[in-house]
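First up is the structure itself, then whatever we jot down about it.
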Number of protein chains: 2
Amino acid sequence: MLKKERHDFIMRQINLHNRVLTSDLVQLLNVSEDTIRRDLQELVDENLLYKVHGGALSKSYHSSFDDSTVYARDSKIAIGKKAVRLIKDGMVVLTGGGTTILEFVKLLPQGISATFFTISPLVAVELAKYNNIEVILIGGLFSKNSQVTYGGQVITQLSEIKADLCLMGTSAIHPEEGLTDTYWEINQLKKAMLACAKRTAVLCISEKLDIALRLRVCPIESISYLITELDVDHESLSRYKEKELNIL
Amino acid sequence: MLKKERHDFIMRQINLHNRVLTSDLVQLLNVSEDTIRRDLQELVDENLLYKVHGGALSKSYHSSFDDSTVYARDSKIAIGKKAVRLIKDGMVVLTGGGTTILEFVKLLPQGISATFFTISPLVAVELAKYNNIEVILIGGLFSKNSQVTYGGQVITQLSEIKADLCLMGTSAIHPEEGLTDTYWEINQLKKAMLACAKRTAVLCISEKLDIALRLRVCPIESISYLITELDVDHESLSRYKEKELNIL
DNA sequence: CGCGTTTTTGCGTGTTTATGCAATAAAATA
DNA sequence: TATTTTATTGCATAAACACGCAAAAACGCG
């Protein structure tokens with residue numbers, strides 16, 4: 001492999017993941033640490049990345065990333081970390097859209113190998129950064145509000161999928177009313193997603209607990225996992241605990 | 001073997017594999033290293049390839065070096081502006097992916113009303129910013145490299161679409177060889193896209209002119225519009241003009 | 001044809017580049 | 001603080017390179 005190609009490879013990794021570990025590159029490229037260090041140094045000289053102890057970081061990552069604008073980002077990261085624990089190698093996972101799911105994707109471990117179906121283009125793009133994840137984007141009408149595909153075509157395609165786990169964000173959850181939503185189309189969509197997965201995990205920041213909206217997606221019993229940023233023993237969750245769903 | 005033949009051989013290797021090693025060429029062509037180096041140097045002088053220590057790389061292989069700063073952005077905006085002129089209210093348009101298409105989308109006039117099918121999630125997200133554009137994302141396997149959906153499912157769905165216009169980016173275009181590409185899946189995809197649109201516009205920055213890659217997508221006659229950043233009367237385009245396709 | 005010129009090619013020599021190794025220093029981690 | 005991990009530095013080696021030279025081939029032209 002030519003040096004230039006190695007540099008390109010490194011830059012791709014950086015642009016993709018915003019970071020690289022020296023040790024990873026040594027393995028991936030099959031060269032000595034020294035070579036990688038020299039490569040990184042040269043890329044630094046060209047002003048293409050930041051070098052840090054253990055690897056390198058993307059330059060753009062620090063300056064221009066609007067991660068901060070995500071509402072309640074810390075909570076969503078906490079939720080994401082818990083959700084990651086549910087993912088095992090070889091799984092077939094179906095995900096919805098939304099910023100919580102997006103944070104979850106960013107927290108997946110590098111080497112993970114799995115198949116992901118998703119109705120969210122942004123989630124697909126983020127998932128594509130993992131080499132061993134197969135990404136299938138479910139196509140259809142694209143919703144300007146929720147930034148996911150929806151409509152009959154999506155539901156038809158969902159009906160052909162059999163997933164081990166479905167991860168979905170939520171608009172509202174209530175101990176008695178279960179999962180609810182405001183829009184008919186999204187409601188239908190969620191029903192279809194639930195139907196095609198063995199188990200479903202609901203990612204839900206605490207402020208959406210105990211709310212019931214107009215349309216019912218499913219009773220609380222249809223959900224396998226409820227993931228919030230709260231401690232498992234937090235009192236807000238007590239009424240959900242009684243319902244025998246796993247709380248993370 | 002004549003020098004010219006050797007040069008052609010080298011260029012073929014480059015277009016095929018995006019790279020060549022000096023040592024390989026020495027073996028394959030049975031000449032001294034010096035000769036190969038001289039050959040490569042001459043090809044560099046003709047602006048046909050990129051020379052690096054150990055061999056040479058294709059010029060069109062800009063890799064995916066800088067994701068953050070779109071390569072040749074100005075040219076792509078110029079192309080985008082021209083492409084916008086083709087879009088009329090009420091049209092059904094099919095688009096591929098790539099940065100050129102993305103720039104085009106950003107340049108669309110606000111009020112425009114149309115239906116867009118696309119295989120690119122990023123394009124879909126961008127299109128969603130227009131209130132009167134209906135966006136249909138065609139789903140399927142998601143390609144990590146080209147960031148578009150591909151595969152049998154995509155092609156099946158494409159076959160059910162009838163679009164007025166197809167806009168696609170290009171890897172290479174050549175007056176005799178037509179549209180060509182390196183990857184089988186992308187090749188198939190482009191064929192399917194062409195087949196479902198009445199007319200096709202190819203968005204192509206000038207440096208991709210006169211290049212022929214391994215796999216043929218279609219002859220030049222199947223294309224309706226060729227859009228580059230160059231002036232219509234630029235001499236680089238003269239050989240395309242003869243082919244009676246519209247040049248913008 | 002003859003003869004000078006240009007082109008092409010390979011070889012020798014010295015230089016530069018790429019890469020790994022080893023010893024040491026610095027940083028992170030426990 | 002002790003220990004492990006990661007960095008730095010200098011050095012060695014092999015590969016790749018540049019340059020000049022010379023032989024051979026191709027060319028041009030009277």
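Only a predicted model underlies this, so the values are computations on that prediction, with no experimental measurement involved. Every chain is numbered from 1, with letters handed out A, B, ... down the list of sequences.
In summary, A:Lys4 and A:Asp39 do not engage in a salt bridge, as defined by a charged side-chain N under 4.0 Å from a carboxylate O.
In terms of position on DNA chain D, the residue among A:Glu33 and B:Gly55 whose nearest nucleotide sits closer to the 5' end is A:Glu33. Each of A:Glu42 and B:Thr35 has a nearest nucleotide on DNA chain C; the 5'-most of these lies closest to B:Thr35.
Residue A:Arg37 contributes atom CZ, which lies 14 Å from atom C1' of C:dT19 at whole-angstrom precision.
Which of D:dA18, C:dT17, C:dT8 sits closest to the side chain of B:His53 comes down to C:dT17. For A:Arg38, taking side-chain heavy atoms from C-beta onward, the closest of the listed nucleotides C:dG10, C:dT19, D:dA16 is C:dT19. When each of C:dG10, C:dG20, D:dC17 is scored by its nearest atom to the side-chain atoms of B:Val31, the top-ranked nucleotide is C:dG10.
Looking only at atom types and distance, the side chain of A:Ser120 has no donor-acceptor partner in the side chain of A:Gln147 under 3.5 Å away. Side-chain contact annotation: A:Ser171 with A:Lys208, donor-acceptor N/O pair under 3.5 Å absent. Judged purely by distance below 3.5 Å, without hydrogens or angles, the side chains of A:Thr200 and A:Ser224 never pair a donor atom with an acceptor atom. Side-chain N/O atoms of B:Glu229 and B:Ser206 include a donor and acceptor closer than 3.5 Å.
If you check distances only, the side chain of A:Asp34 does reach the base of C:dC21 with a donor-acceptor pair under 3.5 Å.
Taking side-chain N and O atoms only, A:Lys51 has no distance below 4.0 Å to OP1 or OP2 of D:dT6. Listed pair A:Arg6 / C:dT19 meets the phosphate criterion, a side-chain N or O lying under 4.0 Å from OP1 or OP2.
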Inset, instruction - Could you give me the CA-CA distance, side-chain angles and deciding distance for B:Arg12 and B:Asp8, then say whether salt bridge (Lys or Arg N to Asp or Glu O under 4.0 Å) is met? - result: CA-CA 6 Å; B:Arg12 196 155 68 246; B:Asp8 288 348; over 6 Å; no
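DNA chain C lies under 4.0 Å from no heavy atom of any residue of residues 21-29 of chain A.
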